[in-house]
Amino acid sequence: MTHKPTILLTGGAGYIGSHTYVALVEAGFAPIILDDFSNSSPVVLERLQRICGQAVVCQRGSVADVALVQSLLERHQVAAVVHFAGFKAVGESVAQPLKYYANNLGGMVALLQAMDAAPCRTLVFSSSATVYGDPVRVPITEDFARSHTNPYGHTKLVCEDILASMRNANAALRTGVLRYFNPVGAHPSGLIGEDPLGEPNNLMPYVAQVAVGKREFLNVYGNNYPTPDGTGVRDYIHVQDLAQAHVAALQTLLRGQPSFTVNVGTGQGHSVLEVVHAFEQASQRPVPYRVAPRRAGDVASCYADPTLAQHLLGWRATRSLADMCTDTWRWQSANPNGYKKG
Ligand code: NAD
Ligand code: UDP
């Protein structure tokens with residue numbers, strides 16, 4: 001039997017981590033999970049076991065625990081880490097900035113300390129298109145100026161800078177920074193998907209909850225943007241495509257290629273109303289909406305130029321908006337309360 005490289009997924013029980021777990025198993029890796037379940041459910045582990053047909057190795061704990069992470073890296077001879085763990089709600093980060101600085105920056109520093117000691121020298125990091133702030137034009141290329149409009153975005157920017165300093169100090173460290181655009185969709189099995197706590201902040205889970213009857217209508221935040229139909233335009237990317245981008249990033253780094261920072265998007269923008277109509281098609285359910293005032297901090301249009309990822313990683317997104325809606329609907333209709341029973 002050939003040796004399967006072990007990959008540590010911090011935050012691997014979360015939305016993107018769980019889908020990446022499946023993609024890594026399919027690609028011949030041995031992923032293991034570290035998660036404190038602050039924003040996820042242990043039920044996901046049973047689901048992953050069902051999808052992959054094998055036991056899931058998961059350690060409950062925080063990435064901020066240097067000794068724990070170091071012992072995991074050593075015990076499992078981890079070849080590379082994918083660092084998903086962190087908090088991600090923009091509005092909450094404005095209300096509770098220290099919660100975000102402590103977890104997102106503290107987690108990154110602790111992880112790097114543990115990797116340094118173990119040693120483990122290969123890391124893929126979940127960054128975000130939020131590091132572009134309000135982009136001067138679209139599509140966005142990686143060389144655009146970075147800025148931030150909230151503490152969450154600030155933590156992503158600082159994490160990118162911490163990684164740059166560490167690469168500068170340690171030539172052996174190789175990092176893949178993935179700037180995700182708008183991840184949506186679910187695994188086609190309908191067994192795993194996005195399970196937001198409370199009222200969703202993001203468009204797709206909100207639309208899905210309206211379609212399934214959990215919420216009465218969608219608020220469309222503004223219809224007077226300078227976009228074709230006046231509503232906000234984003235680069236929605238299927239979480240399965242995103243998961244495969246992580247596989248490609250790890251394969252590239254483990255082949256010995258240099259560090260990189262790439263956009264992970266489709267290159268295509270869709271408006272809020274396009275998403276609403278695509279979801280109605282996929283679900284065959286109405287999605288009533290009301291136009292509401294613009295949401296503070298929103299930009300009109302944000303989509304990637306994904307050329308660099310294709311060039312460096314040999315990866316590109318293949319799934320359509322219809323696929324994203326179909327797979328979200330399968331997950332939402334089979335699990336109206338997410339991972340909670342009932
Ligand atoms: P998620 O909340 O579903 O997953 C994050 C996981 O990390 C959760 O399971 C949570 O319990 C865990 N976690 C949080 N703090 C931890 C800690 N200190 N120690 C161990 N585990 C911890 O979020 P997601 O959507 O899967 O996002 C994953 C990463 O991608 C995050 O870093 C997020 O900022 C980034 N990102 C997400 C999006 C998006 O729209 N979902 C977009 C851009 C970037
Ligand atoms: N949006 C909306 N109603 C909602 C949630 C989002 O109209 O309930 C809009 C939002 O204004 C933006 C788009 O949908 O134009 C995507 O928002 P999301 O929060 O999903 O992503 P982000 O703005 O962080 O890229």
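One-based numbering, in listed order, for ligands and for the atoms of each. These numbers come from the heavy atoms of this one structure, side chains and all, not from hydrogens, waters or symmetry mates.
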Checklist entry - Of the non-hydrogen atoms in R47 and L191, which two are nearest, and what is the gap between them? => result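 Heavy atoms of R47 and L191 come nearest at NH1-O, 2.8 Å.
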
Item to check | Closest approach of K88 to Y100 (non-hydrogen atoms, all atoms of both residues) | outcome: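 Looking at all heavy atoms of both residues, the closest pair is N-CE2, 3.6 Å.
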
Side-chain donor-acceptor contact under 3.5 Å, [X] with [Y]:
X	Y	answer
N219	R295	no
D235	T266	yes
R234	N202	no
R179	T261	no
Y180	S126	yes
E74	Q70	yes
D323	S320	yes

Next on the checklist: Can you tell me how the ring of H19 sits relative to the ring of H187, calling it parallel under 30°, perpendicular over 60° and tilted otherwise?
Outcome noted: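 Ring orientation of H19 relative to H187: tilted.
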
Item to check | Whether H277 and Y289 hold their rings parallel, tilted or perpendicular, with breakpoints at 30° and 60° | outcome: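 Ring orientation of H277 relative to Y289: perpendicular.
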
Using a 4.0 Å cut-off to any heavy atom of [X], which atoms of ligand 1 qualify?
X	answer
S40	8 (C), 9 (O), 11 (O)
S127	43 (C), 44 (C)
S126	29 (C), 30 (O), 32 (O), 35 (C)
G61	19 (N), 20 (C)
F37	11 (O)
S128	43 (C), 44 (C)

Note the single closest protein heavy atom to [atom], along with its residue, its atom name and the distance in Å.
atom	answer
atom 7 (O) of ligand 1	G11 CA, 3.3 Å
atom 3 (O) of ligand 1	Y15 N, 2.9 Å
atom 19 (N) of ligand 1	V63 N, 3.0 Å
atom 4 (O) of ligand 1	G14 CA, 3.4 Å
atom 11 (O) of ligand 1	D35 OD1, 2.7 Å
atom 22 (C) of ligand 1	D36 OD1, 3.1 Å

Hey, looking at [atom], which of [options] has the closest heavy atom?
atom	options	value
atom 33 (C) of ligand 1	Y180, F87, Y152	Y152
atom 15 (N) of ligand 1	V69, N103, L9	N103
atom 14 (C) of ligand 1	G153, S38, S41	S38

Next on the checklist: Please tell me whether V287 and V272 are part of a single hydrophobic cluster in this structure, the criterion being side-chain heavy atoms less than 4.5 Å apart.
Outcome noted: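 Same cluster: V287 reaches V272 through Ile, Leu, Val, Met, Phe, Trp or Tyr contacts under 4.5 Å.
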
Between the protein and ligand 2, which nitrogen or oxygen pairs come in under 3.5 Å, and how far apart is each?
{"residue": "ligand 2", "atom": "3 (N)", "partner": "N219", "partner atom": "O", "Å": "2.7"}
{"residue": "ligand 2", "atom": "7 (O)", "partner": "N219", "partner atom": "O", "Å": "3.3"}
{"residue": "ligand 2", "atom": "7 (O)", "partner": "Y221", "partner atom": "N", "Å": "2.9"}
{"residue": "ligand 2", "atom": "11 (O)", "partner": "D298", "partner atom": "OD2", "Å": "2.5"}
{"residue": "ligand 2", "atom": "17 (O)", "partner": "R295", "partner atom": "NH2", "Å": "3.4"}
{"residue": "ligand 2", "atom": "19 (O)", "partner": "N202", "partner atom": "ND2", "Å": "3.2"}
{"residue": "ligand 2", "atom": "19 (O)", "partner": "R295", "partner atom": "NH1", "Å": "3.4"}
{"residue": "ligand 2", "atom": "19 (O)", "partner": "R295", "partner atom": "NH2", "Å": "2.8"}
{"residue": "ligand 2", "atom": "20 (O)", "partner": "N202", "partner atom": "ND2", "Å": "3.4"}
{"residue": "ligand 2", "atom": "20 (O)", "partner": "L203", "partner atom": "N", "Å": "2.9"}
{"residue": "ligand 2", "atom": "21 (O)", "partner": "N182", "partner atom": "ND2", "Å": "3.1"}
{"residue": "ligand 2", "atom": "23 (O)", "partner": "R234", "partner atom": "NE", "Å": "3.3"}
{"residue": "ligand 2", "atom": "23 (O)", "partner": "R234", "partner atom": "NH2", "Å": "3.3"}
{"residue": "ligand 2", "atom": "23 (O)", "partner": "R295", "partner atom": "NH2", "Å": "3.1"}
{"residue": "ligand 2", "atom": "25 (O)", "partner": "N182", "partner atom": "ND2", "Å": "2.9"}
{"residue": "ligand 2", "atom": "25 (O)", "partner": "R234", "partner atom": "NE", "Å": "2.8"}

Checklist entry - Does a side-chain N-to-carboxylate-O contact under 4.0 Å join E280 and R285? => result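 Salt bridge absent between E280 and R285.
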
Checklist entry - Where's the contact between E194 and ligand 1, heavy-atom distance under 4.0 Å: side chain, backbone, both or neither? => result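 Within the 4.0 Å criterion, E194 makes no contact with ligand 1.
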
Checklist entry - Are the ring centres of Y15 and W331 closer than 6.0 Å? => result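 That pair fails the under 6.0 Å test.
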
